[in-house]
Protein chains: 2
Amino acid sequence: MIKLTNTLLRVRICIVIIPFLSVCAHAQTDPLPSWNDTAPKKAIIAFVEKVGKEGTSDFVPIDQRIATFDNDGTLWVEQPMYVQLAFVLDRVKQLAPEHPDWKTTQPFKGVLDGDMKAVVATGEKGLMQLMAATHAGMTVEQFQKLVTDWLATTQQPRFKRPYTQCVYQPMLELLAYLRANGFKTYIVSGGGIEFMRPWTERVYGIPPEQVVGSSIKTKFEMVNGEPALMRLPEINFVDDKEGKPVGINQYIGRRPIAAFGNSDGDEQMLEWTAAGNGPRLMLIVHHTDAEREYAYDRQSSFGKLDKALDEANAKGWTVVDMKNDWKVIFPPAQ
Amino acid sequence: MIKLTNTLLRVRICIVIIPFLSVCAHAQTDPLPSWNDTAPKKAIIAFVEKVGKEGTSDFVPIDQRIATFDNDGTLWVEQPMYVQLAFVLDRVKQLAPEHPDWKTTQPFKGVLDGDMKAVVATGEKGLMQLMAATHAGMTVEQFQKLVTDWLATTQQPRFKRPYTQCVYQPMLELLAYLRANGFKTYIVSGGGIEFMRPWTERVYGIPPEQVVGSSIKTKFEMVNGEPALMRLPEINFVDDKEGKPVGINQYIGRRPIAAFGNSDGDEQMLEWTAAGNGPRLMLIVHHTDAEREYAYDRQSSFGKLDKALDEANAKGWTVVDMKNDWKVIFPPAQ
């Protein structure tokens, strides 16, 4: 009788446990459910498993598992224009009533008339004027609040959802998968560092101190007896192209073992990553999906991918073909 | 019989467990064994316990528990001169045979003759020349190796031990105590960021990405087909005085809730920390112990503490009297 009960018990335990183990096994073998089982997913998983193998020459100690991600076009949408540029244009329109001269002065006139050619014609000087008018002359906290409020009330024009929901679901899974395997994930973006920090923790799980980006100078001063950090109309650092390895060294002080980008602005970051010792993963997201997102590369005004695509092909870096390699593009609507 | 055995067993368990619990209790109540039970230790413990109390208005979520530490004079010795200056002087002497003109040209002549007055007389221009000769014109990795090799072979002149062992044992305990309570500990130093990063993890448990400091510019370039970060003879950022809150914002992007310094160079960092909402801890190490270390403040060439001491007293910041508040200064000799 006891034997029979034991046997029955074992059978029941198996009935309970086997499906559970099966779920676990499934979870273990599919950390990237929004990725098709094509070459990029295989390359990612092979890399992560390799660096985690203790006792082998490929093993990488956890403190050295640094992964850097470009933002525009790699983690979120950068079409029909960089999100930060949309913010600049909106701010100019919002501030225009206080600046009657803007109606007749470029580059502001161009922004107000919707004449982007006129804006572009003002060149770097015009861009700096727009930057000064919309990004400087306030404290860091005031700017963060502007960004937060704008993102909460603005929709991406084509997808009709907040920009912070126009992020790539497969990349969110990749960030989580890397972190679950001991990686420290960083953003290294040409975009403004203070434009990203207010929301990257909530959206990507990346805290402010792991965001590297372009910046304007700030100045510590007393305002009404209280210390404040004022934003100045002066470039501090451009975190793009050759600036990306410089920014990585400046902020992180270690060379990444994995780097993710989508444009020529990321080429040097991937070269810098590739040139280190031990296992490496260099990945480029190629926007090939006009139907679900956008298709662009060598001729694009935003996120131009030309030289870096040639280098990726020549050196065997991983290239994601968005249309074929991703099951979905965005997270479910919230 | 069974009852008796049980009773005996209980007694024996108590004999084993009670001393163990007592050790545990002792460890719990003394996280800072090298600190005397004076006001600073009490202030530190009260602060840490306060921010950890969930459900109270003082509670601080773990991701916001940022603590910033000055380095020179706060974590390690800065007398008889800043360690980095000793490195510069040694490098000039080492490089002198390759530069015969240095024998007759200031500021190099002054360094070689041991005539510090002549060096100081060359002002900022002379300092930049010394910086360029000893800190630039090489890759980041080459500089790190120079620093590592120098620290491994050089002794602090008075204590006859490596500089990395002339660190303050009570501060090492404080760093560990804060980290054990969820704090992220940063260095925010006027010293060179690349002069600190090669050893801060080993000595303080602070990884390279949590070191903020002064820097020279670097440039990404190809050297023999390999990407390299070259150090340029040009100041990038001075992380001192007003620069400290700027550096904190630039690198960390959050305001600290606790800050630790020892000189006027830390005043603005402590002001910036104090001006935030919620519980705060601002602490200054006052070097009062000529016998065991050094005694200096308002008149010192290195680590001058004058205005910040007045402000600390006026605002009730915590001031450590090294002689009275610390049981030991340095860790046991290794």
Side-chain angles (χ1 to χ4, degrees), chain A residues 62-64 66 139-141 144 184 186 193-194 196-198 200-201 205-213 215-223 225-232 236-237 241-255 267-276, chain B residues 62-64 66 139-141 144 184 186 193-194 196-198 200-201 205-213 215-223 225-232 236-237 241-255 267-276:
Chain A
I62 282 190
D63 70 329
Q64 289 167 35
I66 303 286
T139 68
V140 167
E141 285 89 350
Q144 286 174 346
K184 208 161 177 175
Y186 283 84
I193 191 166
E194 300 295 3
M196 298 182 281
R197 280 176 164 164
T200 55
E201 183 148 37
I206 296 179
E209 62 268 30
Q210 284 163 229
V211 178
V212 181
S215 54
I216 58 177
K217 286 195 188 294
T218 57
K219 192 184 171 199
F220 178 83
E221 58 186 41
M222 288 290 170
V223 178
E226 282 292 306
L229 282 174
M230 293 300 296
R231 291 169 59 81
L232 308 181
N236 178 56
F237 178 60
K241 299 187 183 284
E242 287 81 3
K244 289 206 174 191
V246 170
I248 287 169
N249 182 63
Q250 191 169 301
Y251 281 79
I252 310 175
R254 307 195 202 241
R255 195 193 296 248
E267 191 179 10
Q268 290 79 2
M269 172 167 77
L270 271 63
E271 288 173 347
W272 179 240
T273 302
Chain B
I62 281 188
D63 69 330
Q64 289 165 35
I66 303 285
T139 67
V140 168
E141 285 89 349
Q144 287 174 345
K184 208 161 175 175
Y186 283 84
I193 191 167
E194 300 295 5
M196 297 182 282
R197 279 174 164 165
T200 55
E201 185 150 34
I206 296 180
E209 62 268 31
Q210 285 162 228
V211 178
V212 180
S215 54
I216 57 177
K217 286 196 188 295
T218 58
K219 193 185 171 198
F220 178 83
E221 58 185 43
M222 288 289 171
V223 178
E226 282 292 306
L229 282 173
M230 292 300 296
R231 292 169 59 82
L232 307 181
N236 177 57
F237 177 60
K241 298 185 182 288
E242 287 81 4
K244 289 207 174 188
V246 170
I248 287 169
N249 183 64
Q250 189 169 302
Y251 281 79
I252 311 175
R254 309 194 203 241
R255 195 193 296 247
E267 192 180 9
Q268 290 80 1
M269 172 167 77
L270 271 63
E271 288 173 347
W272 178 242
T273 302

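In the text below, chain A, chain B and the rest are named by the order of the sequence lines, each starting its count at 1.
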K.L.:
B:Glu226 versus chain A, heavy atoms under 4.5 Å apart: side chain, backbone, both or neither?
P.N.:
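B:Glu226 touches chain A through side-chain heavy atoms alone.
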K.L.:
Pick one of side chain, backbone, both or neither for A:Gln64, based on which atoms fall under 4.5 Å of a heavy atom in chain B.
P.N.:
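Neither part; nothing is under 4.5 Å.
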K.L.:
Among A:Arg254, A:Glu242, A:Lys184, which residue forms the greatest number of heavy-atom pairs with chain B at distances under 4.5 Å?
P.N.:
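The answer is A:Arg254.
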K.L.:
Is A:Ala274 in contact with chain B via its backbone, its side chain, both, or neither, using a 4.5 Å heavy-atom distance?
P.N.:
neither
K.L.:
Decide yes or no for B:Leu229 and A:Val246: does some side-chain heavy atom of the first lie under 4.5 Å from some side-chain heavy atom of the second?
P.N.:
yes
K.L.:
Between A:Ile248 and A:Trp272, what is the shortest heavy-atom contact and its length?
P.N.:
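Where A:Ile248 meets A:Trp272 most closely, the heavy atoms are CG2-NE1, 4.4 Å.
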K.L.:
Need one label for A:Gln268: side chain, backbone, both or neither, based on atoms under 4.5 Å from any heavy atom in chain B.
P.N.:
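Contact with chain B: backbone and side chain both.
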K.L.:
If I measure from the heavy atoms of chain B, does A:Gln250 come under 4.5 Å with its side chain, its backbone, both, or neither?
P.N.:
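Both parts, backbone and side chain.
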K.L.:
Could you report the tightest heavy-atom contact between B:Gly213 and B:Met196, atom names first, then the distance?
P.N.:
CA-CE, 4.0 Å
K.L.:
Side chain from CB out, backbone as N, CA, C, O: work out which of these in A:Val140 comes under 4.5 Å of a heavy atom of chain B, or both, or neither.
P.N.:
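Answer is side chain: those atoms of A:Val140 sit under 4.5 Å from chain B.
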K.L.:
Ignoring hydrogens and angles, tell me if any N or O in the side chain of B:Thr200 forms a donor-acceptor pair with the backbone of B:Ile206 under 3.5 Å.
P.N.:
yes
K.L.:
So do A:Asn236 and B:Phe237 actually touch side chain to side chain, heavy atoms under 4.5 Å?
P.N.:
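No, side chains not in contact.
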K.L.:
Which atoms of A:Tyr186 are under 4.5 Å from chain B, going by heavy atoms: the side chain, the backbone, both sets, or neither?
P.N.:
side chain
K.L.:
Flag the one option from B:Asn249, B:Thr218, B:Asp63 with the top tally of heavy-atom pairs under 4.5 Å to chain A.
P.N.:
B:Asn249
K.L.:
Nearest heavy-atom pair of B:Thr139 and B:Ala228: which atoms, and what distance?
P.N.:
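That closest heavy-atom pairing would be CG2-CB, 4.1 Å.
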K.L.:
Based on non-hydrogen pairs under 4.5 Å, which of B:Lys219, B:Glu194, B:Lys217 is most in contact with chain A?
P.N.:
B:Glu194
K.L.:
Please name the pair of heavy atoms, one in A:Arg197 and one in A:Pro208, separated by the smallest distance, quoted to 0.1 Å.
P.N.:
NE-O, 2.9 Å
K.L.:
For A:Ile252, which atoms come within 4.5 Å of any heavy atom of chain B: side chain, backbone, both, or neither?
P.N.:
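Backbone plus side chain of A:Ile252, per the 4.5 Å heavy-atom cut-off to chain B.
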K.L.:
Locate the shortest heavy-atom distance separating B:Ile193 from B:Ser215; write the atom from each residue and the value.
P.N.:
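For B:Ile193 and B:Ser215, the tightest heavy-atom pair comes out as CG2-CB, 3.9 Å.
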